[in-house]
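If you read the sequence from its start, that first residue is 1, and numbering goes on from there. Start at 1 and go down the list; that is how both ligands and their atoms are numbered.
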Amino acid sequence: MLLADATMRALPCWICLSSLLTTSLLCVSAENQCKIKNEVADCSHLKLTEIPSDLPINITGLDISHNQLKKLPPANLTKYSKLIYLDAGYNSISKLQLELCQSLPLLTVLNLKHNQLHELSDVVFDSCTNLTELNLGFNIIEIKGNLFKPLKNLIILDVSHNHLKSTKLGSQQQLENLHELVFSDNKITELKKEDLEFLSNTSLKRLDLSSNPLTEIHTGCLRVIGNLYGLVLNNIDLGENRTEKLCSELSNTKIQNLSLSHINLLCIDNSTFYGLERTNLSALNLSENSLSVIKNGSFRWLANLEELNLEYNKISHLYSHSLYGLSKVKYLNLKNALTRIIDDFSFYSLTQLEYLNMDGNTFPEITAHLFTGLDNLKYLSLCNCDTNLHRISNKTFSSLANSTLQVLNLTKDRIYTIESGAFSWLGHLKSLDLGLNDITQVLTGHEFQGLSNIQDIYLSYNKQLTLTSDSFTFVPSLRKLMLRKVACSNLDLSPSPFHPLQNLTILDVSNNNLANIRIDLFDGLHKLEILDLQHNNLARLWKHANPDGPVLFLRDLFNLRVLNLKSNGFDEIPVQVFKGLIHLRSLDLGSNNLNLLPATLFDDQVSMNSLILQKNLITSVEDKVFGTVFKNLKELQLDSNPFDCTCESISWFVSWLNVTQAYIPGLDSHYLCNTPPHYHDTLVMHFDISPCKDSAPFKLLYIISTTVVLLLIIIVTLIQFEGWRIAFYWNVSVNRVLGFNEIDRQPEDFDYDAYIIHARENKNWVLKNFIPLEKNQQFQIRFCLEERDFEAGISEFEATMNSIKKSRKIIFVVTEQLLKDPWCKKFKVYHALQQAIEQSRDSIILIFLHDIPDYKLNQALFLRRGMFRSHCILDWPAQKERVNAFHQKLRLALKSSSKVL
Ligand SMILES: *[C@@H]1O[C@H](CO)[C@@H](O)[C@H](O)[C@H]1NC(C)=O
Ligand SMILES: *[C@@H]1O[C@H](CO)[C@@H](O)[C@H](O)[C@H]1NC(C)=O
Ligand SMILES: *[C@@H]1O[C@H](CO)[C@@H](O)[C@H](O)[C@H]1NC(C)=O
Ligand SMILES: *[C@@H]1O[C@H](CO)[C@@H](O)[C@H](O)[C@H]1NC(C)=O
Ligand SMILES: *[C@@H]1O[C@H](CO)[C@@H](O)[C@H](O)[C@H]1NC(C)=O
Ligand SMILES: *[C@@H]1O[C@H](CO)[C@@H](O)[C@H](O)[C@H]1NC(C)=O
Ligand SMILES: *[C@@H]1O[C@H](CO)[C@@H](O)[C@H](O)[C@H]1NC(C)=O
Ligand SMILES: *[C@@H]1O[C@H](CO)[C@@H](O)[C@H](O)[C@H]1NC(C)=O
């Protein structure tokens, strides 16, 4: 009962909450549709029929173009009173309300193009004094009264494509600040004085009347405009007569920039531009006119012209004086303009010319005087020309000998051969483009002789270039050398052709099927920053199976920033190959066969920005390989690899992907798991790494337990094989430490220097060899011999113990017999060892009469050679001559102090 009551009371609340949630969600989605950035709302292409009411009220720009608005209701805009920029183009707006500018007092740019504005109230812009830009293009406006008069600050007015029949926008002087007026694509047929009088106080930088069916230009119509600096009359069928009329109308105006493109001007002569003599015209565009004849002296009136565009014409004969008088022209565009003949000295008067584009022209040959006079030429483009450039000889460019040409572009000229000294005239040249030709030759170096300032040479895409060691000896200033796809498959040269190029920063030798290069090919190129080696066949060089190991041809390029090694068939990569390349920012290893990358491969590439390894056979992406190189990465392309989606292989990668800011194209489509089977073809991003994290403690446990087991194994093995040594040293150390040192006695405490342990069978040998030593003055030694020195009356057992104690050292005479003597084996050895332990390892001397291996010694007597100092182990010499030496050794062993451990 109580529960039901509570539910009942909670229910309305729940409903209200959920409705609140849905409405706020709706708001969010509507707002999200408009993109808001820097106080500008982009609401374009949203099929909107109304102005959104939920935008931030402080927006200064609103793009609501490409929608379905029928009106621009000021009421709905009032809240955005900070708007400076409003683009309502591409809608269906047919009416403008008076209050628009009142509600948007700060509006300066209003774009209303591509709407259906037709009748505009003549007070509609009354409040729009702040407007500087108004676009009413592509409407069907009818101009009545002085619509634009209030727009005192307007700078740009576009009324293009409006079916206007005249240029008359008002009957009174207005638009005094207008700079640009666009009338293009209307139905204007006549330019009348009274139709342009409203501009009598205006300085127009650009009046565009293009694409109008203009047939009549009335006298004085252009001079009525306050100042006219720029006039565009493209796409009007002016022809020769009206062009001439136009120019005379422009006489004495301020005209500087005149565009007459596509006006059906077929022929010009010395009268065409006569009217422009008394102007300051600086730029003239005559492109796309099918112009075929430029009579001598046509341009003689244009002494101030700086820019002349004649591209896309059909000039069949350029006479020696066609361009006469253009002494100030700096820029001349003749692209696709000349079809047959160019006279010598045609450019003779263009002494200031800096830029000449002659692309796509047809003419018989580059004669000895074609370019004579172009002493200031900096840029010459002769691309795609149909002329005699197949063989460039040392005469071809002789007419440029006095120029300071810096750029020469000769692409697509079907050049076949470059002869020695071909460019020797061009000592100022910085850039030479010979790409996309058919050059087939051995480059001996003399081709580039004289290019003492050259920086860039483009030779890419030629038939067959064979390099030699001297190919570039004359151009040490070179910075950029492009040799892509030139079939120079053999670079196995010594010395390297690139060796003279110490200034080289960019080198492209891609697409050459290179298979053999020497390790020193790029040595000394310390300034090289970009190296393109893609699409070659360099895989063999990095194989470990090479007789001299991998060929590390990048070893000297420590300034390298960009390296492209794509598509080389690499299936192995030496760990040291990128060492030292600390400036490398971009590396492309895509489309190779790489599978396992060595752990420290990228350790020097901490500042890498872009890494491409797509389309390889990489299965795992682990911290130990990629940890360093991923640190500062901005772009990664690792797609299309057969990833193994297991914890070991990719869990680190997936967690990196979750946090990285790097741009990774195709992450949600081209990063797919290959193995294990149940992950096949799923996205790497979807790999669940949570179970992997749990394995971390197990990993630790695993490491600890394996360590313990290993340690145990080692200890057991040690004990098995070296246990005696451990036990022995242990005992010795314990005795030292625990202070059995009282046993350290002075020499006078001993009765004997040495007690001799031997087998009974060796008694005679001992007596024979040791007794004489006691008599030797050098030795002054007294041995304890059982047979001679044992006290009578006590047991042999006791006697042995006493004698050992009374002797400073113990000598073992080790023989096969000793090993078998039970008395020695047990008792004597035990006590001797005890002595050694208590006193010193030095106190035992082993004399081997027979060659007895250590293991036998150990089995029989529990002794090993290793227990004693080496000077205490003596071998009885087989040769008599050596007995003396043996005695010396024995003496040293006996004299050595027994105190040092
Ligand atoms: C504009 O308004 C938004 C919130 O509507 C605010 O985040 C932003 O800081 C404001 N910008 C300025 C320049 O006031
Ligand atoms: C636009 O204004 C009208 C009239 O004030 C109002 O009825 C309408 O809701 C407004 N639309 C928006 C989207 O604000
Ligand atoms: C034009 O803009 C200024 C601020 O730049 C403003 O003070 C003035 O009121 C605006 N003029 C009109 C007519 O809205
Ligand atoms: C141009 O004018 C000349 C006479 O001034 C006339 O002979 C010629 O037919 C005119 N050309 C055209 C295309 O109207
Ligand atoms: C124009 O050229 C013609 C010959 O084509 C010549 O007779 C005439 O004098 C030239 N006019 C001027 C102004 O140079
Ligand atoms: C041009 O080459 C020819 C041989 O091909 C040679 O005789 C002549 O001296 C060269 N001229 C110059 C200016 O180098
Ligand atoms: C270069 O200038 C010199 C001296 O002004 C002149 O003699 C020579 O003919 C000129 N050569 C060319 C190709 O213009
Ligand atoms: C040479 O001209 C071609 C074609 O116009 C152009 O693609 C190339 O960039 C130019 N070369 C240089 C060095 O400007």
Next on the checklist: Could you check whether Asp508 pairs with Arg484 (Lys NZ or Arg NE/NH1/NH2 to Asp/Glu carboxylate O, under 4.0 Å)?
Outcome noted: yes
Item to check | Ser292 and Ser316: side chain donor to acceptor below 3.5 Å | outcome: no
Checklist outcome for this item: ligand 8 to Cys383, heavy atom cutoff 4.0 Å, flagged ligand atoms 1 (C), 2 (O)
Next on the checklist: Suppose I only count heavy atoms of Leu106 and a 4.0 Å limit; which atoms of ligand 3 are within that range?
Outcome noted: 2 (O), 4 (C)
Item to check | Residues in the immediate environment of ligand 6 (any heavy atom closer than 4.0 angstrom) | outcome: Asn394
Next on the checklist: With respect to Tyr379, determine whether any N or O atom, backbone or side chain, lies less than 3.5 Å from an N or O atom of ligand 8.
Outcome noted: no
Next on the checklist: Classify the ring geometry of His446 against Phe474: parallel below 30°, tilted from 30° to 60°, perpendicular beyond 60°.
Outcome noted: tilted
Checklist entry - Does the side chain of Ser200 pick up a donor-acceptor pair with the side chain of Gln173 at under 3.5 Å? => result yes
Checklist entry - Counting each atom of ligand 8 from 1 as listed, which ones have a heavy atom of Asp433 under 4.0 Å away? => result 1 (C), 8 (C), 10 (C), 11 (N), 12 (C), 13 (C)
Checklist entry - Does the side chain of Thr411 pick up a donor-acceptor pair with the side chain of Asp433 at under 3.5 Å? => result no
Checklist entry - Would Asn235 and His262 count as having a side-chain donor-acceptor pair, cut-off 3.5 Å? => result yes
Item to check | Short side-chain donor-acceptor distance under 3.5 Å, Asn201 and Glu176 | outcome: no
Item to check | Proximal ligand 3 atoms for Thr129, defined as those under 4.0 Å from one of its heavy atoms | outcome: 13 (C)
Item to check | Donor-acceptor side-chain pairing of Asn146 and Ser171 below 3.5 angstrom | outcome: yes
